[in-house]
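These notes are about the structure you will find just below.
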Protein chains: 2
Amino acid sequence: MGNKKRTTIKDIANVLNISAAAVSKALHNDSRISKQTKEDVKRVAKELNYQPNHLASALRKGKSNLVGVIVPRTNSNFFSSVIENMEAVLDKAGYNIIITQSKESFKKECKNIDTLLYTQVDGIIASMANETTDLSYYEKIKSKGIPLILFDRGENDLNVDYVGINDYDSSHMIVEHLVKKGCKRIAHIGGYRRTRIFNNRIRGYIDALTKHNLPLDQNLLTESSLTLEDGREMMQKFLQLEQRPDAVYVASDYAALGALQVLNENNINVPEDICLIGFGNEPFTSFVKPTISTVNQHSAEIGKIAAETFLSRINDKNWKPSLNKNILKSELIVRESSDKKI
Amino acid sequence: MGNKKRTTIKDIANVLNISAAAVSKALHNDSRISKQTKEDVKRVAKELNYQPNHLASALRKGKSNLVGVIVPRTNSNFFSSVIENMEAVLDKAGYNIIITQSKESFKKECKNIDTLLYTQVDGIIASMANETTDLSYYEKIKSKGIPLILFDRGENDLNVDYVGINDYDSSHMIVEHLVKKGCKRIAHIGGYRRTRIFNNRIRGYIDALTKHNLPLDQNLLTESSLTLEDGREMMQKFLQLEQRPDAVYVASDYAALGALQVLNENNINVPEDICLIGFGNEPFTSFVKPTISTVNQHSAEIGKIAAETFLSRINDKNWKPSLNKNILKSELIVRESSDKKI
DNA sequence: TAAATTTGCTTAAACGATTAAGCAAATATA
DNA sequence: TATATTTGCTTAATCGTTTAAGCAAATTTA
């Protein structure tokens, strides 16, 4: 049996015989309202269990204090951690967030954008789906004049703020580590080149090989969606080669796990016979046998910076969207799968 | 350079020299608006890139078409899958969802409830944090008169709709399976009894032991938060006992993983020396060595039913909250960790 | 003491959509 | 042909809050 009507500022005003405007101002600690009235208003508000109507104030102020977040999925530790840290920063500034998942589907991503715009969010922080190449929906966000911040999966052409790690350098770091371990045939299970971060990892891989005077063998470079299944499949392909690789650098931990399963099933010693390196530092990389070397993407920092960037944009009266990259240095975590004794 | 002003129905009305009311009706296909006018309105709406203002219509209609979701965390496969399926059902009915995480913190859960109520959601679907015992914030939801649906982590005392599996029966199923495998000293790493589902699992465990004429050894029954670390700690305790268990039933896959790590580190053969069973069917249970037997909680079904329950409540004009449990049958997935040859 | 400023409120108009009520004109019915 | 009904709109109120403008009383300043 819920209360028939919710309490409004009018109800409070009636009790105290003052105007609704005075109540509104009292609740916002306006300097032109007497201390006594403020106390009265707050007391009555509590007594009547008053809850402000967000819709009304947002409509009037043209500001919802809501930030939309779009991620490919929430059940990855990376995205979940990014979101958690974004939330912490935004919460302090009085913003609440709405999380949506694209499930790597372009269509769902578009729907999410529409939903968020419809909900009148004050800005959107997003990591793009793998599928996405058509940027028109993101242009729609820009044309509304609200801040758009991309992280991890970004796109230069949108000319907006971006937070992520240096994928190109990460590949260099990985190849360098493997070369030091004496590896000479380093394979790469990569993502699709059309996604910028995966393209950068591939470019970094190729350039690092060249730098270390290692030939590029096209048989050792594959592109896929980087699911666990993809990892299995690609590793099986490698094992059928006449000249097997002595190291495999996988652009995602999930695919690396699949690759590791195949290696285990074929009784191939890791890292002695083949070194393995993943990407993303998902928790399971330290659960499995052997533990998987991987790259830490600083999810906490990324979330924090993305949120802070949003806040600085929203607070800058005459801000205009422009390409502004905030690139963090990634960190190689060496575990058993690449810690070969030499 | 965003458009200075967004398009409103008034702008459309001005172009066509009709009233804003007519535009509103035309957009909603009111039968009292001529076909010609409807066409004109929709054409101009498209031309001016009109986007309805959700805040205004929600305020006027007293309905936001938003459903709030509270989960302990999103980076678990169970919750992520529940949410995904809820979303699919609600989307078809024209509802959008706002996801929030409590991170198992009572304080954060309260904050989430406040945020959601403030955002004027039409209902809340929630799974409670482990910590939560004070139900006053949930009573607050009820007192607003909006539907509250609980799933997985529920609480009878709230007298609302609940969707989940039968934890008591699941424990019976597990103990029965272990008894069939010849186990005689079955331990249980359980959650805190104050959380209903964990209490039910413990009760089921105890009653099943009795049913199979096995004595209950208090050394073999522990309570914890069921983190990976907890699983390690409890298993270490078991290994120090004079009479070790020959099977361990863990109420969460994460804690089961921790337990497995300790077993592996101590070179104890699983399942030959000790059988292990987890709960939740998290993906990693099939990655690790040996693969972990576990219980499938039917996340997809739970999400679907929770969403459908919400819809039926919102559509029932004279619905009153009442205890209404929807209990699904769980499914035991037997993998290597308990598949002992006998 | 008069003028200027500050204090503490009120009034009324927004924000953008929806909707009850009403009113002509067009069409149907008797 | 007169009356009833339907069609196609308009007007105006409303949702709950914020805020610009204004006004009288109290206080400060000159």
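Residue numbers begin at 1 in each chain, while the letters A, B, ... track the order of the sequences.
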Between CG of A/Asn53 and C1' of D/dG16 the distance, given in whole Å, is 6 Å

| said: Does this structure show an ion pair linking A/Glu84 with A/Lys304, if we count only N-O contacts that are shorter than 4.0 Å? | reply: no

Side-chain contact check for B/Ala56: nearest option of D/dT11, C/dT18, C/dG16 is C/dG16

Checklist line | Within 6.0 Å of NZ in A/Lys10, more than 12 heavy atoms from elsewhere | finding: no

Of the listed C/dG16, D/dT10, D/dT19, the closest approach to the A/Lys25 side chain comes from D/dT19

**Prompt:** Counting any heavy atom closer than 4.0 Å, what does B/Leu55 reach on the DNA or RNA strands: base, sugar-phosphate only, or nothing?
**Reply:** nothing

Side-chain contact check for A/Ser34: nearest option of D/dT17, C/dA20, C/dG8 is C/dG8

Does NZ belonging to A/Lys107 count more than 12 external heavy atoms closer than 6.0 Å? no

Out of C/dG8, C/dA17, D/dT11, minimum distance to the side chain of B/Ser19 belongs to D/dT11

Closest to the side chain of A/His28, out of D/dT18, D/dT10, C/dC9, is D/dT18

Taken to the nearest 0.5 Å, the spacing of A/Thr309 OG1 from A/Asn324 CG works out to 7.0 Å

Separation of D/dG16 atom P from B/Lys63 atom NZ, nearest Å, is 17 Å

When all nucleic acid strands are considered with a 4.0 Å heavy-atom cut-off, which category describes B/Ser24: base, sugar-phosphate, or nothing? base

Checklist entry - Between B/Arg6 and B/Asp11, is the closest basic N to carboxylate O distance under 4.0 Å? => result no

The nucleotide from D/dA13, D/dT10, D/dT7 with an atom nearest the side chain of B/Arg60 is D/dA13

So, OP1 or OP2 of D/dT17: does either fall under 4.0 Å of a side-chain N or O from A/Tyr50? yes

Whole-Å distance, A/Ile9 CD1 to C/dT10 C1', equals 13 Å

Taking D/dT7, D/dT10, C/dG16 as options, the one with an atom nearest any side-chain atom of A/Leu59 is C/dG16

note: B/Lys61, atom NZ; C/dT19, atom P; distance rounded to Å ~ 6 Å

Picking from D/dT10, D/dG8, D/dT18, the nucleotide nearest the side-chain atoms of B/Arg32 would be D/dG8

